[in-house]
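Here is the structure we will look at.
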Amino acid sequence: MARTAELLDGLRHALGPGGVLDGDSDLARYARDWSGDHVGAPLAVLRPSSTEAVREIVRRCAGAGVPLVPQGGHTGLVAGATPSEDGRELVVSLERMNRIRRIDALDFSMVAEAGCILADVKAAAAEEELFFPLTLGAQGSCQIGGNIATNAGGLNVLRYGMTRELVLGLEVVLPNGDLLEDLRSLRKNNTGYDLKQLFIGSEGTLGIVTAAALRLFPRPTRRETVLLGCPSLGDVIRLFGRARRELGDLVSAFELMTRAGVAAALEGGGQEPFTPPTPAYVILEASTSARVDLRAAVEGFLADAMAAGLVENGAMAESEAQAASFWRLREALIEWQVRQGRHLRSDVALPISLLPAFLAAAETAVRSLDPGLVLHAFGHVGDGNLHLNVMPPAGLADAAAEALLARCEEVVFDQVDAFGGTISAEHGIGRKKRRPFEARLSPPARALSLALRAHLDPAAMMSPGRLFDTPVRPGLAAGEAGG
Ligand SMILES: Cc1cc2nc3c(=O)[nH]c(=O)nc-3n(C[C@H](O)[C@H](O)[C@H](O)COP(=O)(O)OP(=O)(O)OC[C@H]3O[C@@H](n4cnc5c(N)ncnc54)[C@H](O)[C@@H]3O)c2cc1C
C-alpha cells in the first residue's frame with residue numbers, strides 16, 4: 001500500500017495537473033466500457049500528455065510492480081481496456097495525447113498521436129482534401145491508438161484493408177520504457193522484420209502506441225449509395241461477386257442486413273424500405289475520386305443484377321440525406337440490440353462463399369439449445385465478416401441468460417471451426433474471448449506468441465490476462481527474461 005501511494009505521489013508530480021485521477025467520480029467512465037457489460041475498478045487513471053510521460057509511467061510502474069492497461073475510447077467489446085475488478089491495475093488513458101503532428105498532402109500521409117479520436121483524424125484529412133478510410137460506428141469515441149491496438153476493420157475494409165494496411169509507421173513505448181520509433185511514411189521498406197506489425201492488433205500486451213504515421217488516400221468526390229432488397233442470402237453472395245467483377249475497386253462498402261434485422265431497426269420508427277419486404281438487404285456504396293460516370297456504372301450494374309434475379313427491389317440515394325437514411329437503418333439495428341440488454345456479440349469471419357451454409361448451421365445449432373433464442377446476423381459481408389448476435393429468450397433470469405449465451409457462443413464457434421472461419425475478425429480477444437482463442441491456437445503458434453510476450457514483458461505488467469492467461473510476476477523486471 002505504502003509503495004503504491006508512493007508511486008502515485010511520484011506520478012502526480014511527474015505528470016502535473018490532471019495527470020492522475022483517483023477520485024471515485026473521476027474514475028467511472030474509465031471503469032465501464034461502451035457496452036456496459038464490463039466494469040472494472042481502476043487503482044487510478046494516468047493521463048500522460050507526451051511520449052516522454054508515457055515512458056516515465058511505464059518505468060515507474062515496472063519498478064513498483066504495479067500492472068497497467070492502456071485505454072483509448074473504451075469502445076472495445078472484449079474487456080481489453082477495462083481494468084481488472086480487483087482494483088490493482090492502473091489505467092493509462094491516451095486521451096490527452098491528441099495532436100495531429102503533421103499532414104503531408106503530397107505524400108498522402110499523416111502523423112497522429114494515439115489519443116486522437118478517429119473522427120478527428122478523418123476530419124483533419126478531409127480538410128486537406130484527403131481521406132482516411134477507417135470507418136466504424138464508434139468513430140466519434142474510439143482513438144487511433146485503440147484502432148491500431150485492435151487492428152480495427154469497419155465498413156471500408158474490402159476496398160482499403162484493415163487498420164494494419166493503413167499504418168506506415170509507429171511510435172511505441174515498450175514495457176521496459178524503451179521507445180521504438182519509426183514514423184517515416186515509407187510505402188516500401190524491405191529492411192528486416194516489419195516490427196510495427198507486431199504491435200498492430202496486440203491489444204496493449206506488447207507496448208503502448210503513442211503515435212502513428214497513417215496512410216491517406218484521395219478524397220472520394222463521387223459517391224453512390226444504394227439499398228437493395230434480395231431474395232436470399234445466397235443471392236447476396238452472388239451479387240457481391242458480380243459487384244466485385246463489374247464495379248471493381250469502385251465498391252467501397254457492401255453490408256448485409258436480414259429481414260429480422262430491418263424489422264428490429266424499424267421498431268424505433270422509420271419506414272419499411274420496400275413493399276413487399278425482402279428476406280435480405282444490402283447497402284452497397286461505390287465511390288471514387290476519378291472523373292468517371294459513377295452513377296451510370298452503378299445503374300448499369302443494378303439493371304443487370306435485377307435482370308438476373310439477384311435483386312428484387314432497389315433504391316439509389318438521390319442525396320446525401322437519403323444515403324444517410326440507408327445507413328441509419330443499420331445504426332438503428334445496433335441501437336435496438338443495445339436496448340435488448342445483455343446478449344451475445346460475435347464478429348466471426350468465414351470464406352464468403354460459405355456464409356449462407358454457415359448461417360443456416362449456426363441457426364440450427366443455437367435453436368437446438370433453446371427455441372426462444374433469436375439470432376441477428378448483419379455486417380461486412382464483403383469481407384466474409386458477420387456480426388452474429390444472439391438475444392436470450394424474454395423473461396429469463398440474468399444468471400440463466402448468461403449461462404445460455406455462453407453455450408450459444410460455444411456452438412457458434414464450433415460451427416465457425418467446421419466451416420474454416422475465425423472466431424474474431426474485428427473485436428479481438430481481450431479477456432472475454434481468451435479461452436476460446438487459446439483453445440484454438442496450435443502449439444507452435446502459442447509457444448511463439450508467449451515467447452514474444454515474455455521477451456518484451458517478462459513480468460506481464462502490461463495488460464496482464466489479455467489474450468493469454470499471463471499472471472503478473474512483479475519479481476521479473478522487463479527485458480530480463482528475453483532471449
Ligand atoms: C458501436 C460500435 C461499433 C463498432 N464497430 C466496429 C467495427 O466496425 N469494426 C471494428 O473493428 N471494431 C468495431 N467496434 C469495436 C471498437 O470500436 C474497436 O475495437 C476500436 O478500435 C477500439 O478503439 P478504442 O480507442 O475504443 O480502444 P479501447 O476500447 O480503449 O481499447 C481496445 C484495446 O486496445 C488497447 N489500447 C487502446 N489504446 C492503446 C494504445 N494507445 N496502445 C496500446 N494499446 C492500446 C486496450 O488496452 C484494449 O486492449 C465497434 C464498437 C462499437 C461500440
Side-chain angles (χ1 to χ4, degrees), residues 29-30 32-38 40 45 48 51 54 58 67-84 89-98 112-119 121 134-157 162-164 166 170-175 180 198-212 253 255 330-335 337-338 345 347 349 378-380 383 385-387 389 424-434 462-467:
R29 74 190 173 93
Y30 305 92
R32 187 188 184 86
D33 72 356
W34 174 89
S35 72
D37 286 355
H38 312 111
V45 176
T51 302
V54 176
V58 170
L68 46 82
V69 58
Q71 191 178 96
H74 215 177
T75 67
L77 297 168
V78 290
T82 312
S84 59
E89 289 178 2
L90 284 167
V91 167
V92 181
S93 167
L94 279 296
E95 64 192 345
R96 294 207 298 177
M97 291 192 62
N98 58 2
E113 290 184 346
C116 289
I117 302 283
L118 174 57
V121 168
L134 188 63
T135 304
L136 42 114
Q139 66 192 29
S141 313
C142 63
Q143 298 175 5
I144 194 69
N147 302 143
I148 291 168
T150 57
N151 185 29
L155 299 177
N156 297 144
V157 171
M162 300 284 282
T163 299
R164 192 176 291 293
L166 306 175
L170 276 188
E171 181 185 89
V172 186
V173 176
L174 301 179
L180 194 71
L198 257 188
F199 299 91
I200 304 173
S202 68
E203 302 189 38
T205 60
L206 301 180
I208 301 185
V209 175
T210 48
E255 293 287 311
R330 192 184 182 285
E331 282 160 30
L333 168 61
I334 295 169
E335 287 162 12
Q337 295 192 349
V338 171
R345 290 190 173 85
D347 61 313
F378 66 101
H380 320 304
D383 311 315
N385 176 198
L386 278 185
H387 297 295
N389 296 351
S424 175
E426 284 199 326
H427 300 160
I429 304 301
R431 284 187 285 155
K432 197 161 177 226
K433 298 210 174 117
R434 195 178 69 198
M462 205 170 266
S463 302
R466 278 74 173 180
L467 287 176

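FYI, the numbering just counts along the sequence from 1. Atoms within each ligand, like the ligands themselves, are counted from 1 in listed order. Nothing here was measured: the structure is a model prediction, and the numbers come from that model. Scope of the values below: all heavy atoms of this structure, side chains included, with no hydrogens, waters or symmetry mates.
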Completion exercise
The answer for which part of Leu94 has a heavy atom under 4.0 Å from ligand 1 is side chain
Practice task
Can you figure out which of Ser93, Gly72, Cys142 has its heavy atom closest to atom 23 (O) of ligand 1?
Solution key: Cys142
Handout entry: Polar atom proximity, His74 to ligand 1 (N or O, under 3.5 Å)
Key = yes
Handout entry: atom 33 (C) of ligand 1 - nearest protein heavy atom and its distance
Key = Thr150 CG2, 3.7 Å
Exercise for the section: Please write down residue, atom name and distance for the protein heavy atom closest to atom 49 (O) of ligand 1. Expected result: Glu203 O, 3.3 Å
Exercise for the section: Answer yes or no: is there an ion pair linking Lys433 with Glu426, defined by an N-O contact shorter than 4.0 Å? Expected result: no
Exercise for the section: Would you check whether Gly76 has a nitrogen or oxygen atom less than 3.5 angstrom from a nitrogen or oxygen atom of ligand 1? Expected result: yes
Problem - Sub-4.0 Å heavy-atom contact, Ile334 with ligand 1 - result: no
Handout entry: Close approach of Gly154 to ligand 1, heavy atoms, under 4.0 angstrom
Key = yes
Exercise for the section: May I have the step-by-step check of side-chain hydrogen bond (donor to acceptor under 3.5 Å, both in side chains) for Gln71 and Ser93, ending in yes or no? Expected result: CA-CA 5 Å; Gln71 191 178 96; Ser93 167; 5.4 Å; no
Handout entry: Any Met162 heavy atom less than 4.0 Å from ligand 1
Key = no
Handout entry: Distance-only N or O hit between ligand 1 and Ser463, under 3.5 Å
Key = no
Problem - Test of proximity, Leu77 against ligand 1: N or O pairs below 3.5 Å - result: no
Problem - Distance from atom 24 (P) of ligand 1 to nearest protein heavy atom, with residue and atom - result: Gly73 N, 3.4 Å
Practice task
With rounding to the nearest 0.5 Å, note down the distance linking CD in Glu113 to CG in Leu94.
Solution key: 9.0 Å
Fill in the blank from the handout: The closest protein heavy-atom partner of atom 1 (C) of ligand 1 is Trp34 CZ2, 3.8 Å
Exercise for the section: Consider every N or O of Glu426 and every N or O of ligand 1, then say whether any pair is closer than 3.5 Å. Expected result: yes
Problem - OG-CG distance between Ser463 and Leu68, expressed to the nearest 0.5 angstrom - result: 7.5 Å
Completion exercise
among protein heavy atoms, the one nearest atom 34 (O) of ligand 1 is Ala149 CB, 3.3 Å
Handout entry: Value rounded to 0.5 Å, distance of CZ in Phe378 from CG in Asn385
Key = 9.5 Å
Handout entry: Val209-ligand 1 polar pair, N/O distance under 3.5 Å
Key = yes
Fill in the blank from the handout: Judged by heavy atoms only, the candidate from Val92, Ile200, Asn147, Leu136 nearest atom 5 (N) of ligand 1 is Leu136
Exercise for the section: Specify the protein heavy atom at minimum distance from atom 31 (O) of ligand 1: its residue, its atom name, and the distance to 0.1 Å. Expected result: Ala81 CB, 3.4 Å
Practice task
Calculate, to the nearest 0.5 Å, the distance between atoms OG1 and NE2 belonging to Thr82 and His74 respectively.
Solution key: 3.0 Å
Practice task
Using distance alone, decide if ligand 1 has a nitrogen or oxygen within less than 3.5 Å of any nitrogen or oxygen in Thr75.
Solution key: yes
Practice task
Return the residue, atom name and 0.1 Å-rounded distance of the protein heavy atom closest to atom 50 (C) of ligand 1.
Solution key: Ala138 CB, 4.1 Å
Handout entry: Rounded distance (nearest 0.5 Å) linking atom CD1 of Ile117 with atom OG of Ser141
Key = 6.5 Å
Practice task
Mark the output for Gly207 as yes if a heavy-atom distance to ligand 1 is under 4.0 Å, and as no if none is.
Solution key: yes
Exercise for the section: Mark the output for His427 as yes if a heavy-atom distance to ligand 1 is under 4.0 Å, and as no if none is. Expected result: yes
Handout entry: Identity and separation of the nearest protein heavy atom to atom 11 (O) of ligand 1
Key = Gly153 N, 2.8 Å
Handout entry: Interatomic distance, Leu77 atom CG to Ser35 atom OG [nearest 0.5 angstrom]
Key = 6.0 Å
